[in-house]
Amino acid sequence: MFRNVDAFKEAYLERLVNMHGKGVEETTPSDQYATLGAMVREYVSRNWITTNDQYRDKGEKQVYYLSMEFLLGKLLKSNLMNLGIRELCEQGLDELGIDLDRIEEQEPDAGLGNGGLGRLAADFLDSMASLRLPGHGCGIRYKYGLFEQKIIDGYQVEIPDYWLREGNVWELRKSDKAVEVRFGGRITSHEKNDQLTFVHEDYEPVLAVPYDMPIVGYRNQTVNSLRLWSAESAIKDFDFNQMNDHNYHRLIEYKKATEAISEFLYPDDSTEEGKRLRLKQQYFLVSANLQSILCRFKRMNNDLSELPNKVAIHTNDTHPVLAIPELMRLLMDQEGLGWDEAWSITKKTISYTNHTLMAEALERWSVDLMQALLPRIYMIIDEINERFCKTLWETYPGQWEKIHHMAIIADGYVNMANLAVVGSYSVNGVSKLHSNILKKELMKPFYEWEPHKFNNKTNGITHRRWLMYANPDLTSVITEAIGSTWLKNPSDLMNLQPLTNDPSLQQATAYVKRHNKERLSNHIADQYGISVDPDSIFDVQIKRMHAYKRQLLNVFHIMDLYRRIKENPKSRITPRTFIFGGKAAPSYHLAKSVVKLIHTIADVINNDQSINDQIKVVFIRNYGVSDSERIIPASDISEQISTASKEASGTGNMKFMMNGAVTIGTHDGANIEMAEAVGEDNIFLFGLKPNEVLSYYENGGYHAREMYNQDPRLKQILDQLMNGTFVKEDVDFKSIYYSLIDHDEFFVLKDFSAYIDTQQRIAKAYGDQKEWRRMSLHNIAHSGKFSSDRTIHEYASGIWQLEPVFI
Ligand SMILES: *Cc1c(COP(=O)(O)O)cnc(C)c1O
């Protein structure tokens with residue numbers, strides 16, 4: 001059906017009419033999307049089957065990437081492009097009077113993730129399939145994705161995101177592969193032939209039903225899978241004769257509680273009930289996947305000790321780390337292995353990526369909760385802990401504090417990061433800096449104990465989605481300049497390096513940027529009624545709202561710039577458009593007041609005629625993957641200004657770099673490696689170094705109030721949060737004010753002056769357009785190493801021992 005344009009048109013029209021039961025003219029863009037999606041899904045099914053058959057027949061090792069989040073965004077465009085059939089479809093639809101861009105717009109973003117961690121998982125799937133690696137995603141099919149952000153009077157309001165309303169064209173329900181996951185109940189032990197066996201009784205069964213989505217490789221025959229599990233009630237044949245009022249209500253309650261498991265991404269965990277549900281989700285993910293992985297393995301192998309040679313199980317952060325005790329449980333209770341054998345297999349099968357150093361983000365579960373919800377799993381963790389502490393004791397006799405610190409269970413809590421390190425063979429951080437801090441600070445004793453486990457895998461992004469598909473015009477310009485090898489081999493972007501001073505190439509890239517900025521300006525005018533000048537500098541910070549990411553520093557620069565313009569009405573600056581976007585967690589009050597603050601200053605500045613449109617401030621609501629695909633190609637300046645040592649890697653920074661934006665950033669995460677790649681002259685780094693920040697945390701010596709007293713600019717800005725300049729009657733930014741004056745945990749005031757200076761340097765650099773274009777091209781040329789193809793290649797050879805399979 002995708003052989004040629006005419007065959008496509010015929011097949012499409014027939015499908016369109018049959019599927020929706022109406023005439024072609026009556027079909028909506030949404031109908032048209034559903035039809036094209038269904039055709040593409042069917043088109044890949046042959047290769048999907050072949051891929052699975054080959055993986056099985058060749059008995060190659062496969063990796064299962066376990067993640068609570070997959071922030072996929074839209075898939076139609078990238079599937080069409082990876083398959084190499086988009087042009088054909090575009091032409092055919094055009095001849096039918098249908099606009100393909102418009103159809104692609106209809107697809108809801110699959111927002112099954114919070115931010116960077118979930119998007120990384122999605123980029124990794126794309127790279128694994130494109131590199132012909134046998135790797136699959138394993139996650140949860142949340143009925144509701146991350147909430148939709150509405151802005152009302154400048155405040156964030158959360159609305160449920162029912163992304164499945166019109167169904168999901170990519171998924172296939174596999175009822176025959178459903179498995180049972182068990183919660184609660186109690187464990188009894190019995191002696192059988194000299195062996196202790198454990199029986200789980202009175203548990204609550206939940207049926208886990210997989211939905212598979214195809215993951216299409218770039219111009220190869222590989223189609224991997226993303227398997228998302230849905231929770232359903234496990235009662236198959238209910239006896240209606242037994243049905244009385246009491247039973248009926250119990251059944252309804254049970255059904256509700258069961259389905260809640262795959263209802264929401266990250267339910268509110270500020271309550272006890274919320275925590276319980278989150279732990280249920282984690283075990284649901286892990287148990288369903290491990291049962292299914294083991295089942296598939298056993299169809300081909302009868303020697304369980306072969307498992308680590310055939311299967312790698314990767315845990316994206318600690319959320320799926322219950323995979324360790326669950327694999328132990330299956331190997332012992334179901335397969336009958338002894339502890340030592342099961343432990344040896346488990347430790348050789350599971351690997352773990354750490355994503356954060358922030359103490360409050362390190363997962364801990366109360367022993368009481370875990371014991372009640374997962375009694376057998378808790379017994380196993382307890383045993384792992386006992387054995388581990390015993391060996392520690394033998395090595396470090398008397399060093400109670402050290403052992404307490406390394407213990408998996410301590411003070412009534414299970415420490416998931418400690419369990420992850422003890423039960424896996426590989427622990428990696430996500431940038432050089434982050435991996436080093438892991439070894440030297442957070443996990444120092446573990447590093448000293450088992451140094452061979454620790455390694456670094458600097459994050460990456462798929463250059464297909466983030467450059468080729470999001471910025472097709474830049475892609476053409478690059479390909480005209482250096483040929484097309486970079487499409488498959490992104491490090492070849494380096495061939496741009498000798499051409500960065502080429503006037504015609506500079507002109508071509510400037511033209512593309514300008515065009516992208518016009519498109520974004522139109523979108524902003526259309527959606528927000530704000531007119532922005534495409535010739536102004538587009539200065540962009542889009543990411544989750546969080547204190548450590550320091551949107552406040554950006555806001556303070558805007559407030560300071562506004563003051564300077566007001567004080568010098570005659571002088572003119574290069575006009576700037578400040579663009580923000582990002583969601584705040586529903587219970588994160590400080591982050592939510594920063595959303596309100598941005599809207600408040602935007603309101604004043606955008607409506608102040610006296611500054612002649614020299615600055616504009618725009619907040620893009622409900623920021624998600626599709627927005628970043630629109631915004632990043634139109635950006636001049638990329639804001640990556642987290643407190644040094646806090647951003648493990650960042651991936652937004654890489655997307656901007658690849659699209660020719662110039663970075664203003666701190667010495668944090670992958671910014672440091674970006675600076676190594678382009679040289680300090682082609683990136684604007686500023687502010688405290690990571691070791692300075694860590695030293696302040698350890699030794700004190702920073703007094704925020706002194707900054708306020710010493711710097712009149714800061715004093716004025718902070719006072720403006722409290723007096724009438726920006727603040728209308730009932731708005732209250734006191735919490736922001738006091739969080740800075742009293743404590744300033746993230747060194748906003750400390751870095752303010754260096755940030756302002758650097759913003760002035762960058763404005764000056766922009767004034768020299770020829771130099772700016774060179775710098776922009778230089779950044780693109782060196783961005784190839786931040787493709788997730790490089791990252792996945794390193795995971796495959798350094799952690800998973802995985803070989804490509806040619807389909
Ligand atoms: C890339 C991406 C992120 C991560 O951005 P950071 O700047 O690294 O925090 C978050 N959300 C979305 C939608 C993204 O595409």
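Along the sequence shown, residues are numbered consecutively beginning with 1. Note that the structure is a prediction, hence the values are computed from the model and not measured. Computation of the quantities below employed the complete heavy-atom set of this structure, encompassing side-chain atoms and omitting hydrogens, waters and symmetry-equivalent molecules. Order of appearance sets the numbers: ligands from 1, and atoms from 1 within every ligand.
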statement: Given the options Phe752, Phe686, Tyr755, His557 meets ring-ring contact (aromatic ring centres under 6.0 Å, His included) only with Tyr755
message: Can you confirm if the aromatic rings of Tyr588 and His546 lie within a centre distance of less than 6.0 Å?
response: yes
task: Find all atoms of ligand 1 within a distance of less than 4.0 Å from any non-hydrogen atom belonging to Trp466, and give their numbers and elements.
output: 15 (O)
message: Under a 4.0 angstrom heavy-atom cut-off, which atoms of ligand 1 come close to Gly652?
response: 5 (O), 6 (P), 7 (O), 8 (O)
statement: The atoms of ligand 1 lying under 4.0 Å from a heavy atom of Gly115, numbered in the order shown, are 10 (C), 11 (N)
task: Not counting sequence neighbours, which residues clear side-chain hydrogen bond (donor to acceptor under 3.5 Å, both in side chains) with Asp744? List them please.
output: Tyr702
- request: If you have a sec, work out which protein heavy atom is nearest atom 12 (C) of ligand 1 and how many Å separate them, to one decimal?
  value: Tyr623 OH, 3.4 Å
statement: Note: ligand 1 atoms sitting under 4.0 Å from heavy atoms of Gly624 are 13 (C)
Within 45° cone and under 6.0 Å: Lys583 NZ/CZ vs Phe147 ring: yes
query: Could you give the distance from OG1 (Thr663) to CG (Asn779), rounded to the nearest 0.5 Å?
result: 6.0 Å
message: To check your reading of the model: name the closest protein heavy atom to atom 8 (O) of ligand 1, its residue, and the distance in Å.
response: Thr651 N, 2.8 Å
message: Just checking Phe264 against Tyr142, ring centres under 6.0 Å apart?
response: no
query: How about Tyr697 and Phe747: are their ring centroids closer than 6.0 Å?
result: yes
- request: Indicate, as side chain, backbone, both or neither, the part of Phe656 found under 4.0 angstrom from ligand 1 when only non-hydrogen atoms are considered.
  value: neither
query: Short list, please: which atoms of ligand 1 are under 4.0 Å from a heavy atom of Gly650?
result: 8 (O)
statement: Among non-hydrogen protein atoms, atom 9 (O) of ligand 1 lies closest to Lys549 NZ, 2.7 Å
Nearest option to atom 15 (O) of ligand 1, as decided by whichever heavy atom of His546, Lys583, Lys655, Lys543 sits closest: Lys655
task: From the options Asn456, Asn354, Thr458, select the one residue that forms a side chain to side chain donor-acceptor pair (under 3.5 Å) with His434.
output: Asn354
- prompt: Counting each atom of ligand 1 from 1 as listed, which ones have a heavy atom of Ser628 under 4.0 Å away?
  reply: 15 (O)
